[in-house]
Q: 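Below you'll find the structure I mean.
The structure presented is a predicted model; accordingly, all values stated were derived computationally and were not measured. For ligands, and for the atoms within them, numbers begin at 1 and follow the listed sequence.
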Amino acid sequence: MTCQVKVLPSGHGFAVEAGETLLEAALRQGIGLPYGCRDGACGACKGKVVSGVVEHGAHQEKALTDSERAAGFALFCCARPAEGQAEIAIEAREVTGIGDIPIKTLPCRVESIVKVHDVAILKLKLPVSERLQFRAGQYIDILMKDGKKRSFSIANAPHDDAFLELHIRNQPGGSFSEYVFNTMKEREIMRFKGPMGSFFLREESDKPIVFIASGTGFAPIKGIVEHAIHNGITRPMVLYWGARTKADLYMAELAGSWQEKLPGFSFIPVLSEALPEDNWTGRTGFVHQAVLDDFDDLSGYQVYACGAPVMVEAAHKSFTAERALPEEEFFSDAFFLAKDLGQK
Ligand code: FES
C-alpha cells in the first residue's frame, strides 16, 4: 500500500511504496531530507513523526534513544510506514540542493592508486559519455561484488571532475581497505552509486566557517575548500585537522598551501600522539578541544565536522552546549567503520 507523507513546515509531499524507507522515498522524489550513514548509526536523518505511525527498523540506540522514540522522533533512513498507514506527517529540516541531483549507478575504472602513509588515494575514471554531478563534500557507495557497499567521500571538487578522488585508510581487518592495499590493480573496473549525503557547503550563508576533521575526514573538506577556491568564496574559514602523528596528516602541505590561495583561510593541524621524531611544535590534544580553546562563542559560525564518530559527537555536543553554536549550523559526516555497522 502506498503511504502519503507530508513534510512540515514546507508542506512538501511524497509517496512511500511498499518496502521503502521514508528517506529512500523522499530522495527518489526529489525531496532533500538530511542524512548521513543511511544505516541507523549517525542520527543525521532524525526528525519527528507528527501524525501517523512508523516501524522504526533496526538502528543504534545512540542514534535514536528510547526517550527520543517515545517523544515521537524517528530515523527516516530506517523508518517505514506501519502496516496499513495511508498518511503520515513528519517534521524535518529540508536541505535544498540534494533532491535535484540524480543518484546514478555507474561503472568506473581505477585510474591510479597512490599510497601516502596508511591512506590510499584512489582516482576513479568514469565512462567517457558520463559525468557525475555532485556537490563538494558528498560521498559515493562503492558496490562490491558480494553485494556489500562501502561509503567514501569524494575528495575533489565538482569543477575538477576528470576523476573521482577517494581517500581510503588502511583499516586492519577491514575487507575493502585490505583489498585496496593488497590486491586492487590500476585499470580495474568497479561500480558505484552516488552522489549521496547532505554534507556540503551551504553557499547561501555568509557566516564564517570552522571545519574540523579527523583522519580521512579531511577528504570531503578538501573537496569543499577546493570548490571555495575555484568559486572565489571568501568567507573566513579555518580548518582544524586532527590526527595522531605527523604522518597521519597525509596532505598537510596541500592544506597549508590553501592559506596562500584563499584569503581568510587558515589551517591548524593538531596532533594527539606526536612521536619524538615528529619534532612537533604545533597544537596538541583532541582536535575539538583546540576549537574550544580558540573560540569563546560560536553563535555566529557554521561548523562542518567530518571523521571519527567520537570526534563528531564531541564537537557537536560541546560546540552547541558550551559555545552557543546554533543546532542548525552544525553539519557533519561521521565515518562509521563497517564493523560499527555490523558488517565485515
Ligand atoms: S541514522 Fe539515518 S542517516 Fe545515519
Side-chain angles (χ1 to χ4, degrees), residues 5 7 14 16 19-50 54-82 88 90-99 101 103 134-135 137-143 148-154 193-200 202 214 216-217 219-220 303-317 320 327-328 330-343:
V5 176
V7 187
F14 62 92
V16 190
E20 276 188 314
T21 64
L22 269 64
L23 179 68
E24 282 165 348
L27 295 177
R28 179 172 59 73
Q29 288 155 85
I31 306 289
L33 297 185
Y35 66 99
C37 68
R38 287 173 301 129
D39 253 312
C42 74
C45 64
K46 193 167 8 194
K48 196 160 190 179
V49 179
V50 181
V54 299
E55 300 282 359
H56 287 280
H59 62 270
Q60 295 193 12
E61 159 73 16
K62 66 175 166 33
L64 180 73
T65 61
D66 288 346
S67 56
E68 287 173 322
R69 220 161 59 177
F73 288 91
L75 298 173
F76 298 135
C77 73
C78 18
R80 295 179 166 81
I88 288 176
I90 62 170
E91 211 172 73
R93 190 155 49 103
E94 276 176 70
V95 186
T96 45
I98 45 173
I101 296 183
I103 297 173
F134 65 96
R135 291 190 167 247
Q138 287 193 290
Y139 67 86
I140 58 169
D141 279 346
I142 298 287
L143 307 174
K148 291 182 188 142
K149 62 182 174 62
R150 290 289 181 273
S151 306
F152 295 100
S153 297
I154 304 170
K193 187 172 177 185
M196 310 267 190
S198 45
F199 186 73
F200 53 80
R202 301 313 193 261
S214 68
T216 49
V303 172
Y304 294 78
C306 188
V310 58
M311 181 282 284
V312 171
E313 277 165 36
H316 175 248
K317 211 164 158 187
T320 52
E327 182 69 42
E328 66 279 10
F330 183 83
F331 307 98
S332 66
D333 194 355
F335 287 177
F336 290 91
L337 300 179
K339 64 178 169 49
D340 300 331
L341 300 171
Q343 303 167 5

Q: Using atom types as modelled and distance alone, determine if a side-chain donor or acceptor of Gln29 lies under 3.5 Å from a backbone N or O of Ala25.
A: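 Present.
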
Q: Quick check on contacts: which atoms of ligand 1 are under 4.0 angstrom from a heavy atom of Gly40?
A: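 Numbered from 1, ligand 1 contributes 1 (S).
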
Q: Sort out for me which residue in Leu22, Val54, Thr21, Val5 forms a side-chain contact (heavy atoms from CB on, under 4.5 Å) with Pro81.
A: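 Among the candidates, only Leu22 passes.
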
Q: For Arg38, take its heavy atoms, then give the atoms of ligand 1 lying under 4.0 Å from any of them.
A: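 Those of ligand 1 that fall under 4.0 Å from Arg38 are 3 (S), 4 (Fe).
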
Q: Is Arg202 close enough and on-axis enough to Phe200, meaning under 6.0 Å and within 45°, for cation-pi?
A: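 Yes, Arg202 sits over the ring of Phe200.
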
Q: With atom 2 (Fe) of ligand 1 at the apex, how many degrees lie between SG of Cys77 and SG of Cys45, rounded to 10 degrees?
A: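 SG of Cys77, atom 2 (Fe) of ligand 1 and SG of Cys45 span an angle of about 100°.
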
Q: Pair Ile103, Phe134 - check side chain to side chain contact (heavy atoms under 4.5 Å, CB included), show working.
A: CA-CA 9 Å; Ile103 297 173; Phe134 65 96; over 6 Å; no

Q: Can any side-chain N or O of Tyr35 pair as donor or acceptor with the backbone N or O of Gly197 at less than 3.5 Å?
A: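 Here the side-chain-to-backbone pair exists.
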
Q: Check ligand 1 against Ala41 and write out every atom of the ligand that is under 4.0 Å from a heavy-atom position of the residue.
A: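 Per the distance check, 1 (S).
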
Q: Can you tell me which residue and heavy atom of the protein come closest to atom 1 (S) of ligand 1, and the distance to 0.1 Å?
A: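 Nearest protein contact, heavy atoms only, for atom 1 (S) of ligand 1 is Gly43 N, 3.2 Å.
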
Q: Taking N, O or S atoms only and a limit of 2.8 Å, check whether Cys37 reaches atom 4 (Fe) of ligand 1.
A: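 Yes, Cys37 qualifies, because one of its backbone or side-chain N, O or S atoms lies under 2.8 Å.
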
Q: Which is it for Cys42 and ligand 1 at heavy atoms under 4.0 Å: side chain, backbone, both or neither?
A: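 It is both backbone and side chain that touch ligand 1.
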
Q: Heavy-atom contacts with Gly36 under 4.0 Å: which atoms of ligand 1 show up? List them by number with element.
A: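 Within the 4.0 Å cut-off of Gly36, ligand 1 contributes 3 (S).
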
Q: Whether Lys46 and Glu68 form a salt bridge (side-chain N of Lys/Arg under 4.0 Å from carboxylate O of Asp/Glu) is what I want to check.
A: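 Salt bridge present between Glu68 and Lys46.
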
